[in-house]
Trainee: 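A single structure is presented below for examination.
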Amino acid sequence: MKTSWRSASLVASAAAVLALTTACGQDSPPAASQNVGATAAPGDYGSIGTGNGVGGTASGQQASPSPSSPSNPAGKLSVATAEEVGKVVTDSLGLTLYRFDQDTEQPPKSNCDGDCAKTWPPVPADDAEAGEGIDKSLLGSVTRADGTKQLTVGGWPAYRYAKDVNAGDVKGQGVGGKWYALAPDGKKAQGGGAGGGEKAGGEEAGALPGLSTRNDPKLGEIVIDKNGMTVYRFMKDSQWPMKTACTGDCLEKWPVIAPVDEKDTKGIDLQGSTPNRGYVVFDRPDGIKQQTIDCIPIYTFAGDKKAGDTNGQGVGGTWFAIRPDGKPVGASEK
């Protein structure tokens, strides 16, 4: 019996060591079979209205088939003037094209796959051509993870928005502080939405590190992203092992923070955490890569319209701004 007990003890110790060496426990079980917990109830998402940047119905249902389906060719691109947004690139159907802040321009790379690509269908590159007002030299393509070719404008991958169903719609402008209509030069259309040229703490949002902190007059020191937008955590997520309870429609209102190089942060102090545990990238079961702080998945809120907004604080009693050590502001951890 002693041998049996000792063997069991050694096995348990080995398992414990293995668990500690697996960052936040995210690799066990494998993503394909990972239990992501109960999906957030609609009431936990937060109500953010139906104006520009958060358009569409509360149910998230789309017209079928959608004009913005990825199977629809781009055709001849043109320039349209959208109210409060300015000049934007449109496809042959008059649908607005968008760019995503979490993509890269040089080299071009799309970071919108899975459920993201259902809401933001990539624009096919094959038949796209420059129409009046479009510089042909700015058009290109990028090969996506699934092998398809996506149109780029000025190096930025181009998308449609599933909730734009009529020519001239710009409901995607400013969604999550990360999606913007494409201007003819490939830059962000400057009108409306949250972000663009907003300032945070006296700095241009674009000059901020990927993640940093600011002192909010009501909440104290909180984490912000590169656009100066408040960063949040969801109390229904699990820290260890790391799991997410925000999936599907939840992500439209609470976009994930894409991976941020630890060197591109300021004030995120996790020195007390186990090495390589405190600041890791979460490989979500839906295929999206999400940054974490102290093994806690982090998000922004689509209802925050400009840098410095904290409209997501306390939503549903489950969403809270996050401190540099991963603690929630104004909520007790279980």
Side-chain angles (χ1 to χ4, degrees), residues 36-51 53-60 100-102 111-120 161-163 171-179 193-195 210-211 219 222-239 242-260 281-323 326 328-331:
V36 298
T39 300
D44 290 330
Y45 299 165
S47 175
I48 54 178
T50 57
V54 289
T57 63
S59 66
F100 184 31
D101 276 359
Q102 291 179 0
N111 288 307
C112 178
D113 297 294
D115 288 341
C116 175
K118 294 177 182 178
T119 302
W120 301 93
Y161 184 41
K163 292 182 179 179
K171 295 176 181 177
Q173 176 71 355
V175 165
K178 301 177 188 296
W179 290 92
L211 286 174
L219 305 180
I222 58 175
V223 179
I224 59 174
D225 72 1
K226 65 181 180 181
N227 295 315
M229 307 300 287
T230 301
V231 173
Y232 300 89
R233 59 174 288 182
F234 187 30
M235 302 306 290
K236 291 188 178 182
D237 286 349
S238 171
Q239 181 180 16
M242 193 157 51
K243 298 176 184 177
T244 177
C246 182
T247 60
D249 289 346
C250 174
L251 294 179
E252 287 194 40
K253 296 181 174 64
W254 301 95
V256 306
I257 299 288
V260 178
V281 173
F282 177 27
D283 290 315
R284 295 167 52 94
D286 53 18
I288 301 172
K289 293 185 180 294
Q290 182 174 13
Q291 185 60 55
T292 71
I293 293 178
D294 198 23
C295 298
I296 299 162
I298 54 176
Y299 310 78
T300 53
F301 182 43
D304 286 346
K305 298 303 181 184
K306 63 182 184 302
D309 280 354
T310 55
N311 298 320
Q313 175 66 7
V315 166
T318 53
W319 291 92
F320 297 91
I322 190 170
R323 298 198 188 282
V329 178

Trainee: Locate the shortest heavy-atom distance separating Ala302 from Pro255; write the atom from each residue and the value.
Mentor: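 Reported closest heavy-atom pair: N-CD, 4.2 Å.
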
Trainee: Quick one: does any side-chain atom of Gln102 pair with a main-chain N or O of Val256 as donor and acceptor, under 3.5 Å?
Mentor: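 It does hold such a pair.
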
Trainee: Would a 4.5 Å heavy-atom cut-off, applied to side chains only, mark Pro328 and Ile296 as touching?
Mentor: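 They are not in contact (no side-chain heavy atoms under 4.5 Å apart), so the answer is no.
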
Trainee: Are side-chain heavy atoms of Met242 and Thr292 found at a separation under 4.5 Å?
Mentor: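 The answer is yes, as the side chains (C-beta and beyond) meet within the 4.5 Å cut-off.
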
Trainee: Determine the minimum heavy-atom distance between Cys112 and Ala117, stating which atoms define it.
Mentor: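 Cys112 and Ala117 have their closest heavy atoms at SG-N, 3.5 Å.
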
Trainee: Check whether Gln291 reaches the backbone of Ile257 with its side chain - one donor and one acceptor, N or O, closer than 3.5 Å.
Mentor: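 Between the backbone of Ile257 and the side chain of Gln291 there is no qualifying donor-acceptor contact (under 3.5 Å).
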
Trainee: Find the distance between OG1 (Thr300) and CG (Asp309) and round it off to the nearest 0.5 Å.
Mentor: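 Going from the OG1 atom of Thr300 to the CG atom of Asp309 covers 12.0 Å.
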
Trainee: With side-chain contact (heavy atoms from CB on, under 4.5 Å) as the test, would you mind laying out the steps for Leu211 and Val231 before giving the verdict?
Mentor: CA-CA 9 Å; Leu211 286 174; Val231 173; 4.1 Å; yes

Trainee: Kindly give the heavy-atom pair with the smallest separation between Phe282 and Pro297, and that separation in Å.
Mentor: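 Where Phe282 meets Pro297 most closely, the heavy atoms are CD2-CG, 3.9 Å.
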
Trainee: Are any of the side-chain heavy atoms of Gln290 and Val281 separated by less than 4.5 Å?
Mentor: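 When only atoms from C-beta onward are counted, Val281 and Gln290 do not touch, as no gap falls below 4.5 Å.
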
Trainee: Are Trp254 and Phe301 close enough that their ring centres sit under 6.0 Å apart?
Mentor: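 Yes: the rings meet the under 6.0 Å criterion.
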
Trainee: Thinking salt bridges, do Lys243 and Asp237 make one under a 4.0 Å N-O criterion?
Mentor: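 Salt bridge between Lys243 and Asp237, a charged N being under 4.0 Å from a carboxylate O: no.
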
Trainee: Rounded to the nearest 0.5 Å, what separation is found between the CZ atom of Arg233 and the SG atom of Cys246?
Mentor: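 Output value for this atom pair is 14.0 Å.
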
Trainee: From Lys118 NZ over to Cys116 SG, what is the distance, rounded to the nearest 0.5 angstrom?
Mentor: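 If I round to the nearest 0.5 Å, the distance is 11.5 Å.
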
Trainee: Quick one: pull up CD1 in Ile222 and OG1 in Thr230 and give me the separation to the nearest 0.5 Å.
Mentor: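 It comes to 4.0 Å.
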
Trainee: Give, for atom CD1 of Ile293 and atom CD1 of Ile298, the distance between the pair rounded to the nearest 0.5 Å.
Mentor: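 So the gap between those two atoms works out to 4.0 Å.
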
Trainee: Is the distance from the ring center of Phe234 to that of Trp319 below 6.0 Å?
Mentor: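 When the ring centroids of Phe234 and Trp319 are compared, they turn out to be within the sub-6.0 Å range.
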
Trainee: Quick check: do Lys306 and Asn227 have side-chain heavy atoms less than 4.5 Å from each other?
Mentor: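 Not touching, per the 4.5 Å side-chain cut-off.
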
Trainee: Heavy atoms only: give me the nearest Ala321-Leu219 pair and the separation to one decimal.
Mentor: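 Closest pair (atom of Ala321, atom of Leu219, distance): CB-CD1, 4.1 Å.
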
Trainee: Kindly determine whether Glu252 and Thr119 satisfy side-chain contact (heavy atoms from CB on, under 4.5 Å), including the steps that lead there.
Mentor: CA-CA 8 Å; Glu252 287 194 40; Thr119 302; 3.8 Å; yes

Trainee: Give, for atom CG of Asp283 and atom CD1 of Ile288, the distance between the pair rounded to the nearest 0.5 Å.
Mentor: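 The CD1 atom of Ile288 is 11.5 Å from CG of Asp283, to the nearest 0.5 Å.
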
Trainee: What do the steps show when you test Val260 against Lys226 for side-chain contact (heavy atoms from CB on, under 4.5 Å), and what is the final call?
Mentor: CA-CA 10 Å; Val260 178; Lys226 65 181 180 181; over 6 Å; no

Trainee: Within the 4.5 Å heavy-atom criterion, are Lys305 and Met229 side-chain neighbours or not?
Mentor: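 No. Closest side-chain heavy atoms not under 4.5 Å.
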
Trainee: Given Tyr232, which of Asp304, Thr318, Thr310 fulfils the side chain to side chain donor-acceptor pair (under 3.5 Å) condition?
Mentor: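 In the set Asp304, Thr318, Thr310, the residue that makes a side chain to side chain donor-acceptor pair (under 3.5 Å) with Tyr232 is Asp304.
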
Trainee: Walk me through whether Trp179 and Trp120 qualify under side-chain contact (heavy atoms from CB on, under 4.5 Å).
Mentor: CA-CA 10 Å; Trp179 290 92; Trp120 301 93; 3.4 Å; yes

Trainee: Distance alone, cut at 3.5 Å: any donor-acceptor contact between the side chains of Asp225 and Tyr299?
Mentor: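 No donor-acceptor contact under 3.5 Å links the two side chains.
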
